[in-house]
J.: 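The structure that follows is given in the form of structure tokens.
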2 protein chains.
Amino acid sequence: MSSGRRPLSQTQERVLALLVAAGKPLSAYDLLHLLRHEGVNAPPTVYRALDRLVRDGLAHRIESLNAFVACSRPHHQDMASFAICDACGVVAEFGDGELQSRLEALSERTGFQAERTTVELRGRCAACAAHGHGHGHVHAH
Amino acid sequence: MSSGRRPLSQTQERVLALLVAAGKPLSAYDLLHLLRHEGVNAPPTVYRALDRLVRDGLAHRIESLNAFVACSRPHHQDMASFAICDACGVVAEFGDGELQSRLEALSERTGFQAERTTVELRGRCAACAAHGHGHGHVHAH
DNA sequence: CCGCAACTGATATAGTATAACAAAACAGTT
DNA sequence: AACTGTTTTGTTATACTATATCAGTTGCGG
């Protein structure tokens, strides 16, 4: 039996590196376009790399954006939550123990067995809220 | 100045009725197929009706499913959270004041101004967890 | 060497969502 | 009734997101 996980493949490394470099969520197709000149031409390749990264906790999927972001706390494997600024696109990842235990308490009460939890706040980060970026929107296109 | 909102249009009523009748999340295209024989032929019609229902708090979007569900507590307008059973497809909506104040406290601390909050638990409801529906999946297609 | 598991390539297709424009419905006002 | 602004709908086209499928490859343990 092999103890540790397999190392990341070339493609997986590249995708992770691009996510880290971006510092913001990228869609699978954003990644695909960035990888075109490196010989990656097909969506499945990107999705498969992302699957692996998400499974290993090195990246997260942001459901409300249909996009992916590098994990900023790869060594923690607790529940991750996200605050997403709709003005500048920055995502802050946070782990909130109290939030987590609150949700676990809810599981106890209701018998619901959670396997995956999504917590996403959409709004304006402190900088953008202060800055008069009151009504902007991020467009990737 | 008109005080109350406009009443729902025919299409909006129909979409809401279908969501209520389903008792589960439906995708926009599920709704579109159900409405074809009533003269609705185009995605935008459905999406526009859904926009209205979501704006008014009569329906919610489930981000992790790309689907929509009727609000089970239309008179509350506080934060809604969802527990989604991946075995039977049932969605339980709950409002959790403590969860909400926890997230508001986080806003205070960080200066992040949340406009919209998504909380979604994916897993198995009590019935399915007990029942040995340990590994099933819901497929609409 | 063999077999297994993971990864990739490639093509096709399915599923989700919006842009843009014209037309009609409706409420409130003059 | 005519005017105005807003909302809704119709319609066409398109963009964006994601997976199915099958064949081929690579790496590693037995």
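Just so it is clear, the values below take in all heavy atoms, side chains as well, and ignore hydrogens, waters and symmetry mates. All of these numbers come straight from a predicted model, not from anything done at the bench. Within every chain, numbering begins at 1; the chains are lettered A, B, ... in the order of the sequence lines, protein sequences first and strands thereafter.
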J.: Any side-chain to backbone donor/acceptor pair from A/Ser81 onto A/Gly95? Under 3.5 Å, distance only.
T.: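 No: the side chain of A/Ser81 does not pair with the backbone of A/Gly95.
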
J.: If only atom types and distance count, is the side chain of A/Glu120 paired as donor or acceptor with the main-chain N or O of A/Glu63 below 3.5 Å?
T.: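 Judged by distance alone, yes, a pair lies under 3.5 Å.
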
J.: Decide yes or no on side-chain contact (heavy atoms from CB on, under 4.5 Å) for A/Gln100 and A/Glu104, but give the supporting numbers first.
T.: CA-CA 6 Å; A/Gln100 192 167 359; A/Glu104 279 159 7; 3.6 Å; yes

J.: Taking atom CD of A/Glu98 and atom CG of A/Leu103, what is their separation to the nearest 0.5 Å?
T.: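 Nearest 0.5 Å value for the CD-CG distance: 11.5 Å.
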
J.: What integer distance in Å separates A/Leu50:CG from D/dA18:P?
T.: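 Those two atoms, CG and P, are 9 Å apart.
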
J.: Identify, residue by residue, the members of residues 56-69 of chain B with a heavy atom below 4.0 Å from DNA chain C, and return them in order of residue number, or none.
T.: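 By residue number: B/Arg61, B/Asn66.
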
J.: Let me know the distance between CG of A/Leu8 and P of D/dG27, rounded to the nearest Å.
T.: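 Rounded to the whole Å, the gap is 15 Å.
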
J.: Under 3.5 Å, is there a donor-acceptor pair between the side chain of A/Arg14 and the main chain of A/Glu38?
T.: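 Checked: no pair found.
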
J.: Using modelled atom types and a 3.5 Å cut-off, is there a donor and acceptor pairing between side-chain atoms of A/Arg36 and backbone atoms of A/Asn41?
T.: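 It does hold such a pair.
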
J.: How many Å lie between CG on A/Asp30 and P on D/dC16, as a whole number?
T.: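 Answer to the nearest Å: 10 Å.
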
J.: Indicate yes or no for a side-chain donor-acceptor contact from A/Arg52 to the backbone of A/Ser9 under 3.5 Å, with no hydrogens or angles considered.
T.: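 No; zero donor-acceptor contacts below 3.5 Å.
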
J.: Against B/His60, only a single residue in B/Phe68, B/Phe94, B/Phe82 fulfils ring pair (Phe, Tyr, Trp, His ring centres under 6.0 Å); can you say which?
T.: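 Of B/Phe68, B/Phe94, B/Phe82, ring pair (Phe, Tyr, Trp, His ring centres under 6.0 Å) with B/His60 is met by B/Phe82 alone.
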
J.: Over how many whole Å does the gap from B/Leu32 atom CG to C/dT16 atom P extend?
T.: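 To the nearest whole Å, that distance equals 11 Å.
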
J.: Specify the separation, in whole Å, of atom OH of A/Tyr47 and atom C1' of C/dA14.
T.: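 Spelled out: OH on A/Tyr47 to C1' on C/dA14 is 12 Å.
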
J.: What are the two closest non-hydrogen atoms of B/Ala87 and B/Arg124, and how far apart are they?
T.: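 Smallest interatomic distance, heavy atoms only, reads CB-NH1, 3.0 Å.
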
J.: Which of residues 17-29 of chain A sit near DNA chain D, with a heavy atom under 4.0 Å from it?
T.: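 Within residues 17-29 of chain A, the residues near DNA chain D are A/Ser27, A/Tyr29.
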
J.: Can you give one letter per nucleotide of nucleotides 7-12 of chain D, 5' to 3': B if a protein heavy atom sits under 4.0 Å from the base, S if only from the sugar-phosphate, - if neither?
T.: SSBBBB

J.: How are the rings of A/His33 and A/Tyr29 set relative to one another: parallel (under 30°), tilted (30 to 60°) or perpendicular (over 60°)?
T.: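 Ring orientation of A/His33 relative to A/Tyr29: tilted.
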
J.: Ignoring hydrogens and geometry, is there a side-chain-to-backbone donor-acceptor pair from B/Asp51 to B/Arg48 under 3.5 Å?
T.: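 Not at all, since once roles are kept as given, no pair shorter than 3.5 Å links the two residues.
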
